Amino acid sequence: MSATIVDGKAVAAGIEAEVAHVIDAGSAAGWQAPRLVVVLCNEDPGSATYVGHKNRAAERVGIRGETLTPPVTSSTAALVELVDRLAADADVDAILVQLPLPEQVDQDRVLAAVPPAKDVDGFHPYNFGRLAEGAPLVVPCTPAGCLELLRRHDVPIAGARAVVVGRSVIVGRPIALLLLNAHATVTICHSRTVDLPAVCREADILVAATGRPGMIDAGFVRPGAAVVDVGTTRVEGRLRGDVERASVEPVAGLLTPVPGGVGPMTIAMLMRNTVTLAVARRPAGAPAVSWV
Ligand code: GUN
């Protein structure tokens, strides 16, 4: 057996087309296009690349996108004030604070300043709570992209055994909640899990979100399992996932590659979340959306 290799770029392009269609329908009816503001306050090359992708995607689908770049010496108070201004601006639908923030900044305070109704990343504790309750308004983009890839490849989720390796607030935990909400039986593993390969081998769906390049090899994979690689670590200028593709590909049933798997989906889901928030905030004249 050799795994089906998921083409995340193609799936993402399909989602972008759906998003663009909804925005076009709204614009034709006189509804103003959604506006997304990104706050980029770091000098991390990965963040710059990611924000560049976001801006280009926004342009493709018809979202009014814009990036603010406060100085990396900014204080917590200055960033909270900036976010407060965007929160109060009725013409801003969606706010994204790019992470990481500089060391001197209290990240939790800045993220908490984003009102839940404009929290396009779904990082606000209120939105995380809604996700945990099984009734999310917006879902963090990368986890949402992972689930969408599984759904669009007809991977059965209800009743499946799912194992998530990694418990970060941005990726591991929300993916586990999404799988649970979709009726999978979910195990979350982390650095203290005993006999990690054996736990992973129980998985029909294995999600690798550790940030440790190549740590998941064939010894972690049940034959035929769907393997979702969320890792994106830059190694010698190349993007590497958590999964050792050459080892896993002959064993898995489905595999999302790095690059070209989950990455493009993150951007597409950001576009979709932006429209979701704009429609919820400004329902008058809004186009119909069916993906929420
Ligand atoms: N930095 C790395 N991933 C992300 C993400 O999904 N959202 C934000 N805001 N920052 C990030």
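Worth saying up front: this structure is predicted, and the values here are computed from it rather than measured. Counting starts at 1 for both ligands and their atoms, in listed order. Quick note: residue numbers are just sequence positions, from 1.
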Does [X] use its side chain to pair, donor to acceptor, with the backbone of [Y] at less than 3.5 Å?
| X | Y | value |
| --- | --- | --- |
| E148 | A268 | no |
| D242 | T210 | yes |
| D119 | I95 | no |

Report summary line: Among non-hydrogen protein atoms, atom 11 (C) of ligand 1 lies closest to Q98 NE2, 3.4 Å
Query raised in the report: Nearest protein heavy-atom contact for atom 10 (N) of ligand 1: which residue, which atom, what distance?
Result: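 Closest protein heavy atom to atom 10 (N) of ligand 1: L99 N, 3.0 Å.
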Query raised in the report: Would you say V39 and I63 are hydrophobically clustered, going by side-chain heavy atoms of ILVMFWY under 4.5 Å?
Result: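 V39 and I63: one cluster.
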**Report entry** Any side-chain heavy-atom pair of P34 and L277 under 4.5 Å
**Finding:**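 No; the side chains remain at least 4.5 Å from each other.
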Polar atom proximity, [X] to ligand 1 (N or O, under 3.5 Å):
| X | answer |
| --- | --- |
| K54 | no |
| P100 | no |
| V97 | yes |

Requested in this report: Classify the contact between D121 and ligand 1 as side chain, backbone, both or neither, using a heavy-atom distance cut-off of under 4.0 Å.
Outcome: side chain
**Report entry** Numbered atoms of ligand 1 (with element) below 4.0 Å of L96, judged on heavy atoms
**Finding:**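 Numbered from 1, ligand 1 contributes 9 (N).
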Query raised in the report: Should you measure from each heavy atom of Y50, which atoms of ligand 1 turn up under 4.0 Å away?
Result: 4 (C), 5 (C), 6 (O)
Query raised in the report: What salt bridge (charged side-chain N to carboxylate O under 4.0 Å, His left out) pairs are there with at least one residue in residues 212-223, not counting sequence neighbours?
Result: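 Residue pairs passing salt bridge (charged side-chain N to carboxylate O under 4.0 Å, His left out), neighbours aside: D204-R222.
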